[in-house]
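Here the structure is laid out as structure tokens; the discussion comes afterwards.
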Amino acid sequence: MKMVYQGEDRVYGNVPHASARSEDRKVAAAEAGIKQYRLAVVILGILCVIQAAVIIFLLHSLLSERRESKRTNFDVEAGFNNLTEERDDLKMKLNNLAQGRWEYFSGSFYHISSIEKPWQGSRDDCLEKGADLVIINSKEEEDFIRKFQKVMWIGLTDSETEGTWKWVDGTPLNESYWNSEEPNGGKKENCVELQNFAFENSWNDVSCSAPVYSICEMKVIP
Ligand SMILES: [Ca+2]
Ligand SMILES: [Ca+2]
């Protein structure tokens, strides 16, 4: 009986020892599992960050490409519109050249009106033809216009500021061909006609409302 108890003691004495080892193994296995789980979470986190970075990079590239593409399209469209405008302008000028009597000189065509009008009305007629009242830039151009032997409006006025003469394109007067004692009209004479065509100094300031022939200039070569 004693042996039995001893045996039983050994048996009962072994039970907690084996159980503890089993528990240790379970704990170790659980810890290993937790470690693996943590490692997996960290790796997953890193992958998510990399994926997000790749997506942001791709989106940025895509948006940049689209912006660039839009800009290119806009440039092409603007260039096309400019060409269309230039073509229409040339068409109008060619039509007017074909219809009227124009003379070519040094990069421009010139047309002399058949009726006398005030300065502004004459200018409007020139603008309708795709031209403007003549701007005289050189002695050669002054001589060319004098050879028509006609009293004509030119594109020079001091209507804006008395005594400050400006051409119709807004440029100031540098080289002038005033007749002797001209300009002499003060505030009553603000527009200029080529009057004394027999002489190089042929210009006269006169009232803008006077009816006078005019000469248009259409620049074709800048
Ligand atoms: Ca004046
Ligand atoms: Ca005068």
Side-chain angles (χ1 to χ4, degrees), residues 81-82 85-222:
N81 287 341
N82 279 346
E85 278 174 23
E86 280 174 25
R87 183 203 62 191
D88 293 345
D89 186 51
L90 276 174
K91 253 188 187 175
M92 183 187 72
K93 285 180 175 177
L94 280 172
N95 277 340
N96 287 323
L97 286 173
Q99 283 168 15
R101 289 173 57 195
W102 294 79
E103 275 208 39
Y104 180 79
F105 172 77
S106 190
S108 293
F109 283 95
Y110 299 83
H111 178 265
I112 294 167
S113 71
S114 53
I115 52 171
E116 294 167 299
K117 280 189 178 182
W119 188 88
Q120 188 58 54
S122 301
R123 189 183 177 201
D124 291 343
D125 286 351
C126 290
L127 290 170
E128 270 181 29
K129 293 178 174 70
D132 208 336
L133 286 172
V134 68
I135 295 171
I136 300 170
N137 304 107
S138 65
K139 179 185 177 307
E140 289 72 26
E141 196 173 12
E142 163 74 6
D143 290 344
F144 169 77
I145 291 162
R146 285 198 300 123
K147 84 179 175 65
F148 292 103
Q149 301 192 346
K150 205 163 187 175
V151 178
M152 299 178 291
W153 286 127
I154 64 172
L156 187 63
T157 177
D158 74 339
S159 292
E160 208 174 282
T161 309
E162 174 55 34
T164 303
W165 297 96
K166 275 187 183 174
W167 292 107
V168 282
D169 67 351
T171 51
L173 176 65
N174 293 320
E175 199 174 322
S176 60
Y177 299 94
W178 293 111
N179 200 348
S180 57
E181 297 179 15
E182 301 291 348
N184 63 357
K187 288 185 178 178
K188 288 180 183 169
E189 299 184 344
N190 296 334
C191 293
V192 180
E193 61 181 10
L194 187 142
Q195 183 199 46
N196 212 355
F197 46 77
F199 300 94
E200 187 177 297
N201 291 325
S202 57
W203 299 355
N204 170 41
D205 61 339
V206 68
S207 164
C208 296
S209 58
V212 177
Y213 291 107
S214 58
I215 180 163
C216 303
E217 178 184 6
M218 183 195 293
K219 215 163 192 39
V220 287
I221 302 172

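Counting convention: from 1, in listed order, for ligands and their atoms alike.
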With a cut-off of 3.5 Å and sequence neighbours excluded, list every side-chain donor-acceptor pair involving residues 121-131.
unit_1: S122; atom_1: OG; unit_2: K117; atom_2: O; d: 3.3
unit_1: S122; atom_1: OG; unit_2: P118; atom_2: O; d: 2.9
unit_1: R123; atom_1: NE; unit_2: D132; atom_2: OD1; d: 2.9
unit_1: R123; atom_1: NE; unit_2: D132; atom_2: OD2; d: 3.4
unit_1: R123; atom_1: NH2; unit_2: D132; atom_2: OD2; d: 2.9
unit_1: R123; atom_1: NH2; unit_2: V168; atom_2: O; d: 3.4
unit_1: D124; atom_1: OD1; unit_2: Q120; atom_2: NE2; d: 3.0
unit_1: D125; atom_1: OD1; unit_2: K117; atom_2: NZ; d: 3.2
unit_1: D125; atom_1: OD2; unit_2: K117; atom_2: NZ; d: 2.8

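Residue contact annotation: N190 places an N/O/S atom under 3.0 Å from the Ca ion (ligand 1). In summary, an N, O or S atom of G186 is located under 3.0 Å from the Ca ion (ligand 1).
Expressed to the nearest 10°, the angle at the Ca ion (ligand 1) joining OE2 in E162 with OD1 in D158 is 120°.
Partners of S159 according to the side chain to side chain donor-acceptor pair (under 3.5 Å) rule, which considers only residues two or more places apart in sequence or in another chain, are T157.
With values rounded to the nearest 0.5 angstrom, I215 atom CD1 is found 5.0 Å from F148 atom CZ.
Using bins of under 30°, 30° to 60° and over 60° for the plane-to-plane angle, the ring pair F144/F105 lands in the parallel bin.
Around the Ca ion (ligand 2), protein N, O or S atoms at a distance under 3.0 Å total 6; waters are neither shown nor counted.
The salt bridge (Lys or Arg N to Asp or Glu O under 4.0 Å) pairs that include a residue from residues 177-186 number zero, where partners must be two or more places apart or lie in different chains.
When all heavy atoms of W203 and V192 are compared, the closest pair comes out as CB-CG1, 3.9 Å.
A ring-centre distance under 6.0 Å is found for W165 and W178.
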